[in-house]
Visitor: 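Here it is, the structure, as structure tokens.
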Number of protein chains: 2
Amino acid sequence: MTVSRALNDRDNVDEKTKQRVRNKAESMGYTPNRVAKSLVSRKTHTLGVVIPEITHAFFPEVVRGIEEVAYKSDYQLFLTNANELFSREKEAIETLRSQRVDGLLISSSLTHEDYSFYESIIEGGAKVVFFDRCIEDIGASCVSVNDRESSQKITEHLITEHGYTQIAHLSGPQKVSIGKERLQGYKDALEAHNLELNEEWVIQAEFKEDTGYDAMIKLLEKGREGHPDAVVAVNDPVAIGAIEAIKEHGLTIPDDIAIVGFTDDIRSSLLDVPLTTVRQPAYEMGEQAAEKLINVIEDEDATVEKIEVPTTLKIRSSCGC
Amino acid sequence: MTVSRALNDRDNVDEKTKQRVRNKAESMGYTPNRVAKSLVSRKTHTLGVVIPEITHAFFPEVVRGIEEVAYKSDYQLFLTNANELFSREKEAIETLRSQRVDGLLISSSLTHEDYSFYESIIEGGAKVVFFDRCIEDIGASCVSVNDRESSQKITEHLITEHGYTQIAHLSGPQKVSIGKERLQGYKDALEAHNLELNEEWVIQAEFKEDTGYDAMIKLLEKGREGHPDAVVAVNDPVAIGAIEAIKEHGLTIPDDIAIVGFTDDIRSSLLDVPLTTVRQPAYEMGEQAAEKLINVIEDEDATVEKIEVPTTLKIRSSCGC
DNA sequence: TTGTATGCGTTATCAC
DNA sequence: GTGATAACGCATACAA
């Protein structure tokens, strides 16, 4: 017991004893065992992070924000990658819970539509904060951008600044919040400007380059009524895939088809025709999510809230500017 | 005890009892406590990963490889970012050790030159595998590319394929293996072709864009004897920074100055003048490192080895091709 | 100021 | 087939 007190620098230990203990600990190469400490304190000072896709550059940047905040508050991070598979996400969350992480930061994967799993763990007392891909009305806070509004804005940019009227959308999966919201924003913009929605021109992709490529090919091969004069992609990787398809069809950007994305991927400004997009502040999103989670963990009365980080339009030349 | 046996599906439990236990566990929302399990088993099934810079796209890709292997072998990952600060790296490693991770995967940061810390933890029984930035002769395995040879090859490409003779090097910090090795490879190439080494044309950068930019500015402002006709950068981010500096000086690539990198960053093929570089298979490096570490953890007789993953030259147009 | 007993949740060991 | 006991390393509560 005295050893424990000395090592934790409590004041009711004789200074000499303290020194003796410390010297001995040092010479033994003693390292405190947080596993044992956690067992009694019921706290691990550990956060579980579940991301859907570690290669999409957006997420590492979010993780960096999370890491920075966690570091300052002395939390360690368990990182898990669900690879866009809900089964794997679920497994990860279960493992993380059995590791007794103090809280969970989750960006959900795209292969599910049933939120009961999340509900049950939240009811079971898990502290959860969602980020980017949110799940609402489920008793957990969420940090994201205003996807719907941002999507509307960038679509309106195409309409008002350039006069495009034949605008297609390469959407995300409708099971995921950002997929649904961004499609909705696109529709809002059309409606606000009295443009008719052509359902044929809403093609579902997922979130990666190859799915953008495939969706664009599909769109171009609809043929008959010609191709759209502008495309709103659900995110930058999808836009990048689509650009490849457009080029392969011998069309040029932005003259034949303008295109815009969402995210502001690290590559977007470097393309031959730099991509106009919505910049999502990934690092800041990570910071906010981590701060909120730590707040929920450490303060009983923390409230559930939806935190929005502001986006900005990055106007580059792919929209015709 | 019977409960424990039932939950772990041991065979010396009555089938009916097993069922009863399981039903009850289920209905209670019971989750096994790995913390307690770890305390007795002295195993956490946990790996600590220490990377120097989470934003350099190379590392997330390595982490993905690590994650994939860890997942298959049922290990969880603690991710820490040292931000190129040795102090922070040391702190991270100490925390990880007190978390009782079963092993450590480390890519060391650039602000130190004293390996005694690593030595002491390895002597203290920690299982360590280094990756990318290695520390040798210290009793730990290491997974990396053959930096020296690869650097020599790409430098020789400039010499033999294009006839450049005035070749500069934007080097990495000499305290870090890859900084030293790549400089050495550059020198080897010059020597092999009887080109004189101009020490003035070896400028030290670090590993990020801004340091490449600064180093290139320095190089261009040496003025007097004109500028080099080719530059070998220690990695792609440094090359990308340097390219900006070259452009600002009104010079064109590759006509005025050719440039090559190392890494094959996700951006490199997308630049207006796509960057010739050495492709390092990041994902595979992560896989190999994780496999080796798990091997060291689970097999007493695992040997210390230096594992090299092969590189390939990515010839694009920045070298004049 | 120091020390003893106890318990965190789990499992190995040894009864019954 | 089941159960009691002890131990993993630490810290709280309570003596001495």
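In what follows, chains carry the letters A, B, and so on, assigned in the order in which the sequence lines appear, proteins first and then strands, with residues in each chain numbered from 1.
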Visitor: Looking only at the side chain of B:M1 (C-beta and beyond, no hydrogens), which of the listed nucleotides C:dA12, D:dA11, C:dG9 gets closest?
Guide: C:dA12
Visitor: Within the 4.0 Å heavy-atom criterion, would you say B:N12 contacts the bases, only the backbone, or no part of the nucleic acid?
Guide: base
Visitor: Starting at CG of B:D9 and ending at P of C:dT11, how long is that distance when rounded to a whole Å?
Guide: 13 Å
Visitor: Pick the nucleotide of DNA chain D nearest each of B:K18 and A:R5; which residue has the one closer to the 5' end?
Guide: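 So the residue in question is B:K18.
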Visitor: Quick check on D:dG9: is either OP1 or OP2 less than 4.0 Å from any side-chain nitrogen or oxygen of A:K37?
Guide: no
Visitor: Could you state the CG-P distance from B:L7 to C:dT10, rounded to the nearest angstrom?
Guide: 8 Å
Visitor: Separation of B:L39 atom CG from D:dA6 atom P, in whole Å?
Guide: 18 Å
Visitor: The side chain of B:T17 lies closest to which of these nucleotides: C:dT1, D:dG1, C:dG7?
Guide: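 The answer is D:dG1.
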Visitor: Which residue in the set B:N83, B:V63, B:L79, B:T80 passes side chain to side chain contact (heavy atoms under 4.5 Å, CB included) when paired with B:I54?
Guide: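 Looking at B:N83, B:V63, B:L79, B:T80, the match for B:I54 under the side chain to side chain contact (heavy atoms under 4.5 Å, CB included) is B:L79.
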Visitor: Would you say NZ of B:K208 has more than 12 non-hydrogen atoms from neighbouring residues, nucleotides or ligands within 6.0 angstrom?
Guide: no
Visitor: Looking only at side-chain N and O atoms, does B:N8 come under 4.0 Å of OP1 or OP2 in C:dT11?
Guide: yes
Visitor: What integer distance in Å separates B:N33:CG from D:dC8:C1'?
Guide: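 These atoms are roughly 13 Å apart.
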Visitor: From the set D:dG9, C:dG9, C:dT11, return the single nucleotide nearest to any side-chain atom of B:A36.
Guide: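 Comparing D:dG9, C:dG9, C:dT11 against the side chain of B:A36, the answer is C:dG9.
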Visitor: For the pair made of CD in B:E15 and C1' in D:dT2, what is the distance, rounded to whole Å?
Guide: 15 Å
Visitor: Less than 4.0 angstrom between a side-chain N/O of B:T2 and OP1 or OP2 of D:dG3, yes or no?
Guide: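 True: B:T2 side-chain N/O within range (under 4.0 Å) of D:dG3 OP1/OP2.
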Visitor: Give a yes/no on whether any side-chain N or O of A:R10 is located under 4.0 angstrom from OP1 or OP2 of C:dT1.
Guide: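 Looking at the OP1 and OP2 atoms of C:dT1, neither is under 4.0 Å from any side-chain N or O of A:R10.
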Visitor: A:M28 has an atom CE; how far is it from atom P of D:dG9, in whole Å?
Guide: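 About 11 Å, once rounded to whole Å.
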Visitor: With respect to B:D147, which candidate in B:R182, B:K306, B:K180 satisfies the salt bridge (Lys or Arg N to Asp or Glu O under 4.0 Å) definition?
Guide: B:R182
Visitor: How close or far is atom P of D:dC10 from atom CZ of A:R42, stated in whole angstroms?
Guide: 18 Å
Visitor: For the residue pair B:F59 and B:F131, categorise the inter-ring angle as parallel (less than 30°), tilted (30 to 60°) or perpendicular (more than 60°).
Guide: perpendicular
Visitor: For D:dG9, does the base pair up with any side-chain atom of B:R100 as donor and acceptor (N or O, under 3.5 Å, distance only)?
Guide: no
Visitor: When B:R133 is tested against each of B:E89, B:E84, B:E53 for salt bridge (Lys or Arg N to Asp or Glu O under 4.0 Å), which residue passes?
Guide: B:E84
